[in-house]
Number of protein chains: 2
Amino acid sequence: MNSTDVAQISVTILSDEADDIAKAISSQLDDVGNILCSSDMLDSPTRAQIHIQKVATSPDEIDHDSVSILLADPDLAACIVEQCHNLSWCQSTWAGNAPLLRAPKRDYTLTGVKGIFGKLMREYVFAYLLQHARNIKTFSDNQQSTPPIWEAAPRQPLHGQTLGILGLGSIGKSLIPVAKVFGMNVVGLSRSGANINDVDAMYTPASLLQFAQHADHVVNLMPDTPDTHDFVSYSFFKALKPHSIFINAGRGSAVDDLALVECLDKGYLAHAVLDVFRQEPLPQSHAFWSHPKITITAHTAAESQPSDVASVFLANAKRYLRHEPLHYQFDFDKGY
Amino acid sequence: MNSTDVAQISVTILSDEADDIAKAISSQLDDVGNILCSSDMLDSPTRAQIHIQKVATSPDEIDHDSVSILLADPDLAACIVEQCHNLSWCQSTWAGNAPLLRAPKRDYTLTGVKGIFGKLMREYVFAYLLQHARNIKTFSDNQQSTPPIWEAAPRQPLHGQTLGILGLGSIGKSLIPVAKVFGMNVVGLSRSGANINDVDAMYTPASLLQFAQHADHVVNLMPDTPDTHDFVSYSFFKALKPHSIFINAGRGSAVDDLALVECLDKGYLAHAVLDVFRQEPLPQSHAFWSHPKITITAHTAAESQPSDVASVFLANAKRYLRHEPLHYQFDFDKGY
């Protein structure tokens, strides 16, 4: 390989986890900044020197004019992108990027992190579905009793039940093989309603209530777009079943909070497991916290790890230098 | 079909759930006792009339001489089989049949219930593995706090970890595809150590400690035989990891109770989830009940449902009438 194969890019890192991400990137570079080919996401021998020019946790630390390539949490990036006139590419550290997609600036390439959340999300979703299926709380209460209680508390197997998935991007799709291996049926809802392998029936937004009627449990994984605001509303919850679990791990804006509480109180569904909220952290005064039929998990269902973010960034950096289309690119018009 | 195709058998039902099993059988018969072919386990058009001659929950109710075919809980059947001189076939309602395999009487065919427990066991095992992986207890405690705590409590994904399975009969094998779909590695231990599809490494009883060293979490599903008594002992637990979960859903006799408590106290493993015990119900005074690192589930991991027992019995009844080998037959010499 001769020196003409070497190209260099300078990146500004702006993230709550900036230090950890910078370390994770450095661990995948050699002494002169060349990307090591240890990651399976790096499939070409082209050398690409990466120069980390700034590592910041606050937008105040950024020299706007120096930013051409930004690796950033989208909520922090949204504070500065309007001023970054030389910005050509922003690699976000998140899957969802509403803060940047809502901003007027659009003259740059925005890429997200994908392909790493599915493996975490499927553990989250099935942890909570199985917790209810196996009635873990009652067995625990029985053990804590004085004297302890030996009892076959009622359970309801997932086997034979139907999982409904709202939003079938890469994360939503990752649930399908797990549901199938547990012997569940799967129904899905997406904008197009197009068939998906191993999904027994697909619905469009216009047939939301039929979707709800066919599902035992529902997981929302829709992105935050104007179309999904308040999409999961009173009539949806009313169409569920008294044993239904509703899991929201998409975005809080999709759910009508008051309707959810009212429908839980009326017994239209059994329980809600909520990871995302309209305001985060969820305010301490919010009724969700103390509701006996609501479980709250602090936006932790599928958190990207610094090493995952580094791998996605470096793979895209090589593509950027080769002028190839970047992975996980957002369409500002569609909003996802 | 002419009348020569019709054969009849009379069955005595002796079970804690005798009434429910009798009802489940009747629901699969027509008015004159012919087996309806609704079950997918019934694959032949031969007519077989089933006559339920006795439905009993206690051994005292049984007229020994009238018993030729018995559908029974094995602990109850063990009280009467020596006196049942006309017994030709006993269909047990359980998967494990130690009470009958230990009895001297061997001049009859003993069949168990299989093929229906795997779907329940995999939900049990992964419910508890995921409960720990996702740290559900800490999130719950945080929500119950005053004021509530919004915190990303530590989690440890199953993805990339290794599940160890002790005993790879049909139930143990049912865990393999679930572990794989969650991205886990699988190691197994069986008497033969023979290779099994999708199991990354197999061990024999002589290499129990190597097996333990290679597993992050271990599920015991070995049957109750003399070879498995106290098989899971101090040295085994000591070879596990500080984050290891040990699940016993096989038989209580396999585990050295004192060694387990000592090794939990010393931090050699993180937690034990126990469904089976040397004495059941587990005595209220037993140290397991109040141990903070032990979860107790009252022998409910995989309970056969009356409808499942009825289906297995009727499928075998047809084979019996056709003089075909019965499904799930036990070998008195091997003990399984």
Are there donor-acceptor pairs under 3.5 Å across chain B and chain A? List atom names and distances.
{"unit_1": "Arg122(B)", "atom_1": "NH2", "unit_2": "Phe182(A)", "atom_2": "O", "d": "3.4"}
{"unit_1": "Glu123(B)", "atom_1": "OE1", "unit_2": "Leu158(A)", "atom_2": "N", "d": "2.8"}
{"unit_1": "Glu123(B)", "atom_1": "OE2", "unit_2": "Leu158(A)", "atom_2": "N", "d": "3.2"}
{"unit_1": "Glu123(B)", "atom_1": "OE2", "unit_2": "His159(A)", "atom_2": "N", "d": "2.8"}
{"unit_1": "Arg134(B)", "atom_1": "NH1", "unit_2": "Ala301(A)", "atom_2": "O", "d": "3.1"}
{"unit_1": "Arg134(B)", "atom_1": "NH2", "unit_2": "Thr300(A)", "atom_2": "O", "d": "2.9"}
{"unit_1": "Arg134(B)", "atom_1": "NH2", "unit_2": "Ala301(A)", "atom_2": "O", "d": "3.3"}
{"unit_1": "Gln143(B)", "atom_1": "OE1", "unit_2": "Ile296(A)", "atom_2": "N", "d": "2.9"}
{"unit_1": "Gln143(B)", "atom_1": "NE2", "unit_2": "Trp289(A)", "atom_2": "O", "d": "3.0"}
{"unit_1": "Gln143(B)", "atom_1": "NE2", "unit_2": "Ile294(A)", "atom_2": "O", "d": "2.8"}
{"unit_1": "Arg155(B)", "atom_1": "NH1", "unit_2": "Thr300(A)", "atom_2": "O", "d": "2.8"}
{"unit_1": "Arg155(B)", "atom_1": "NH1", "unit_2": "Glu303(A)", "atom_2": "OE1", "d": "3.4"}
{"unit_1": "Arg155(B)", "atom_1": "NH2", "unit_2": "Glu303(A)", "atom_2": "OE1", "d": "2.9"}
{"unit_1": "Leu158(B)", "atom_1": "N", "unit_2": "Glu123(A)", "atom_2": "OE1", "d": "2.8"}
{"unit_1": "Leu158(B)", "atom_1": "N", "unit_2": "Glu123(A)", "atom_2": "OE2", "d": "3.1"}
{"unit_1": "His159(B)", "atom_1": "N", "unit_2": "Glu123(A)", "atom_2": "OE2", "d": "2.8"}
{"unit_1": "Phe182(B)", "atom_1": "O", "unit_2": "Arg122(A)", "atom_2": "NH2", "d": "3.4"}
{"unit_1": "Trp289(B)", "atom_1": "O", "unit_2": "Gln143(A)", "atom_2": "NE2", "d": "3.0"}
{"unit_1": "Ile294(B)", "atom_1": "O", "unit_2": "Gln143(A)", "atom_2": "NE2", "d": "2.8"}
{"unit_1": "Ile296(B)", "atom_1": "N", "unit_2": "Gln143(A)", "atom_2": "OE1", "d": "2.9"}
{"unit_1": "Thr300(B)", "atom_1": "O", "unit_2": "Arg134(A)", "atom_2": "NH2", "d": "2.9"}
{"unit_1": "Thr300(B)", "atom_1": "O", "unit_2": "Arg155(A)", "atom_2": "NH1", "d": "2.8"}
{"unit_1": "Ala301(B)", "atom_1": "O", "unit_2": "Arg134(A)", "atom_2": "NH1", "d": "3.0"}
{"unit_1": "Ala301(B)", "atom_1": "O", "unit_2": "Arg134(A)", "atom_2": "NH2", "d": "3.3"}
{"unit_1": "Glu303(B)", "atom_1": "OE1", "unit_2": "Arg155(A)", "atom_2": "NH1", "d": "3.4"}
{"unit_1": "Glu303(B)", "atom_1": "OE1", "unit_2": "Arg155(A)", "atom_2": "NH2", "d": "2.9"}

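Proximity to chain A involves both the backbone and the side chain of Ala152(B), based on heavy atoms less than 4.5 angstrom apart. In this structure, the portion of Ile149(A) lying under 4.5 Å from any heavy atom of chain B is its backbone and not its side chain.
Listed by chain and number, the residues in a ring pair (Phe, Tyr, Trp, His ring centres under 6.0 Å) with Phe126(B) are Phe182(B) (sequence neighbours excluded).
Taking chain A as the reference chain and counting heavy-atom pairs below 4.5 Å, the highest number among Leu129(B), Leu120(B), Ile136(B) is found for Ile136(B).
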